[in-house]
Amino acid sequence: DVVLLAAGDTIPGDARILDEKDLFVDEAALTGESFPAEKRAAADSYGNDAPGDRDATVFLGTHVISGTATAEVFATGLETVFGKLSAELSRRAPTTEFEHGVRRFGYLLLDIAVVMSLAIFAINVALHRPVLDSLLFTLALAVGLTPQLLPAIVSVTLAEGARNMARAKVIVRRLTSIEDIGGIRILCTDKTGTLTEGVVEIDAALGADGRPSDRVRLLVYLNALFETGYSNPIDDAIRRTAVAGAEGYRKIDEVPYDFARKRQSVAVARDDAALLVTKGALTSVLGVCTTVELADGRTEPLEPHRTAITAAYEAESRKGNRCLGVAYRAIASDAAVSKAAEAAMVFAGLLSLADPPKPGALESLSRLRTLGITPKLVTGDNRLVAAKVGGDAGLDASTVVTGAELARLS
């Protein structure tokens with residue numbers, strides 16, 4: 001079937017996109033990613049990549065946020081990614097370590113009962129006791145050895161443990177998981193909002209030479225001020241403090257952020273002068289720049305300055321800060337703005353963003369170590385930020401493994 005999709009529609013099955021216009025789909029049910037994913041008609045590998053990496057495919061259980069598309073359905077029901085996921089969730093949960101322990105204990109009691117029963121029966125027969133009486137005595141002994149109240153004792157004990165944990169504001173859904181909690185040896189923790197406050201603050205606006213720059217602060221403020229896409233903590237932090245020189249600007253157009261470009265651009269104008277201002281991931285922004293603006297306002301070719309820009313980026317990352325690249329270029333005040341306009345831009349500098357550590361996080365990690373638990377940090381930030389935050393939290397930051405490296409492990 002060929003389906004026509006528009007904003008608000010629920011995807012009826014896994015489908016290949018034939019054509020689209022500004023299509024964004026909410027895939028949080030499959031990927032956990034809160035930001036919508038941009039989709040486009042292109043060559044795609046439909047069976048091997050993770051759903052979040054398949055840009056030309058839409059999936060059952062997701063819905064259209066904006067745009068329109070025509071798509072050809074190639075899988076429905078249990079054959080879809082969502083269907084296979086639901087089948088996985090319907091499987092029986094794996095046996096916990098506690099259940100393994102109880103089963104082993106039960107087998108031990110069974111072995112003891114069998115051995116003792118056979119031994120006592122053999123002794124009675126050897127002593128020339130009546131065979132029937134010996135057999136009945138052995139059966140009675142086997143029944144007596146069976147711990148009939150064991151399941152009840154276990155359930156009551158676990159229920160008491162769950163009640164104690166509820167007093168500590170911990171909800172236990174499966175009683176048998178309580179023993180597993182006590183058996184934890186490695187605990188993986190998130191960074192943002194767990195070890196840190198999860199509140200973004202602007203630490204510095206830096207020029208291409210790594211020095212503080214009011215010009216970069218103005219450009220990134222204009223970008224965030226007129227941005228009308230999805231609300232995010234970074235733009236909220238930028239807009240919190242007004243910047244001198246932003247008066248009189250008006251918005252012309254906007255190119256929304258997406259996870260393919262990893263950039264977001266806003267066209268602004270004041271009087272007859274217009275600018276396209278772009279911010280985003282540093283490598284993505286540098287990819288559309290050909291020149292760089294120096295502290296005195298002059299522009300030079302980008303390549304000779306790339307090493308210095310990378311060094312400034314790494315220096316901020318080692319401080320535990322997240323960095324965005326900022327670029328601009330002059331445009332006509334009546335120019336139509338699209339993704340193609342992000343080309344031959346002038347690199348202006350970096351915006352350094354800090355996420356302060358959460359009070360008590362260091363103490364909590366120290367207590368985990370005293371309990372024999374090794375904490376590990378898992379984060380979506382780059383390895384330099386991960387090493388800095390992990391080191392500040394008392395973790396061993398000598399070894400940082402990226403997702404790509406992890407995927408290559410056996």
Side-chain angles (χ1 to χ4, degrees), residues 5-7 17 19-26 35-42 55-56 64-69 205 208 213 215-239 242-243 245-293 297 299 301-302 323-351:
L5 302 174
I17 297 173
D19 61 73
E20 51 77 28
K21 180 173 177 55
D22 299 329
L23 180 66
F24 284 83
V25 178
D26 183 352
F35 286 99
E38 183 184 22
K39 297 294 182 176
R40 55 183 182 273
D55 296 336
V64 180
I65 295 292
S66 62
T68 59
S213 170
R215 169 71 167 167
V216 172
R217 186 71 181 88
L218 173 61
L219 289 172
V220 81
Y221 179 75
L222 291 173
N223 178 284
L225 180 65
F226 295 109
E227 190 265 336
T228 57
Y230 301 101
S231 177
N232 62 86
I234 293 176
D235 286 330
D236 291 342
I238 296 171
R239 288 191 291 256
V243 176
E247 303 83 5
Y249 278 95
R250 68 182 189 278
K251 179 179 177 180
I252 301 174
D253 203 353
E254 178 180 356
V255 184
Y257 178 89
D258 65 65
F259 286 91
R261 290 165 39 250
K262 297 184 179 179
R263 298 184 299 268
Q264 180 260 332
S265 299
V266 173
V268 296
R270 184 168 64 176
D271 301 328
D272 294 330
L275 292 175
L276 179 68
V277 183
T278 299
K279 76 174 187 299
L282 178 62
T283 54
S284 178
V285 171
L286 285 175
V288 295
C289 292
T290 56
T291 56
V292 58
E293 184 178 78
T299 59
L302 173 65
C323 287
L324 300 180
V326 183
Y328 73 94
R329 80 177 181 91
I331 59 173
S333 58
D334 58 350
V337 176
S338 65
K339 296 175 185 178
E342 297 173 335
M345 304 192 76
V346 181
F347 183 79
L350 301 167
L351 182 71

Practice prompt. Please step through side chain to side chain contact (heavy atoms under 4.5 Å, CB included) for the pair Leu324 and Ile234, ending with a clear verdict.
Written response: CA-CA 10 Å; Leu324 300 180; Ile234 293 176; 3.8 Å; yes
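- Closest approach of Tyr257 and Phe24 over heavy atoms only: O-CE2, 3.9 Å.
- Taking CG of Asn223 as the reference point, atom CD1 of Ile238 lies at 7.0 Å (rounded to 0.5 Å).
- Using a distance-only test at 3.5 Å, with no hydrogens or angles considered, no donor-acceptor pair links the side chain of Glu227 to the main chain of Leu225.
- Rounding to the nearest 0.5 angstrom, the gap separating the NZ atom in Lys21 from the OG1 atom in Thr68 is 7.5 Å.
- Between Met345 atom CE and Leu302 atom CG the span is 12.5 Å, to the nearest 0.5 Å.
- A pairwise comparison of heavy atoms in Ala267 and Val337 identifies CB-CG2, 3.7 Å as the closest pair.
- Taking the side chain as every heavy atom from C-beta outward, Lys251 and Thr228 approach each other to under 4.5 Å.
- Scored by the side chain to side chain donor-acceptor pair (under 3.5 Å) test, Tyr221 finds no partners at all (sequence neighbours excluded).
- Inter-residue side-chain proximity for Leu219 and Leu275 is flagged as met; some heavy-atom pair is nearer than 4.5 Å.
- Rounded to the nearest 0.5 Å, atoms CG (Asp272) and CG (Asp334) are 10.5 Å apart.
- Checked against side chain to side chain donor-acceptor pair (under 3.5 Å), Glu20 has no partners two or more places apart in sequence or in another chain.
- At least one side-chain heavy atom of Leu23 sits less than 4.5 Å from a side-chain heavy atom of Ile17.
- No hydrogens or angles considered: nothing links the side chains of Arg263 and Thr278 as a donor-acceptor pair under 3.5 Å.
- For the pair Leu350 and Leu282, the minimum side-chain heavy-atom distance is below 4.5 Å.
- The shortest non-hydrogen separation linking Ala274 to Ser333 is CB-CA, 3.8 Å.
- Side-chain contact check for Lys279 versus Val277: every heavy-atom pair is 4.5 Å or farther apart.
- At least one donor-acceptor pair closer than 3.5 Å links the side chain of Arg329 to the backbone N or O of Ala343.
- Under the side chain to side chain donor-acceptor pair (under 3.5 Å) criterion, Lys339 pairs with Glu38, not counting sequence neighbours.
- Looking at Val285 and Lys262, their side chains never come closer than 4.5 Å, going by heavy atoms from C-beta outward.
- For the atom pair OG of Ser284 and CD of Glu342, the computed distance is 7.5 Å after rounding to the nearest 0.5 Å.
- If you take CG on Leu222 and CZ on Arg250, they are separated by 13.0 Å, rounding to the nearest 0.5 Å.
- Put simply, the side chain of Arg215 never gets that close to the backbone of Ala348: no donor and acceptor are under 3.5 Å apart.
- Listed here is the closest heavy atom pair of Leu276 and Ala341: CD2-O, 3.6 Å.
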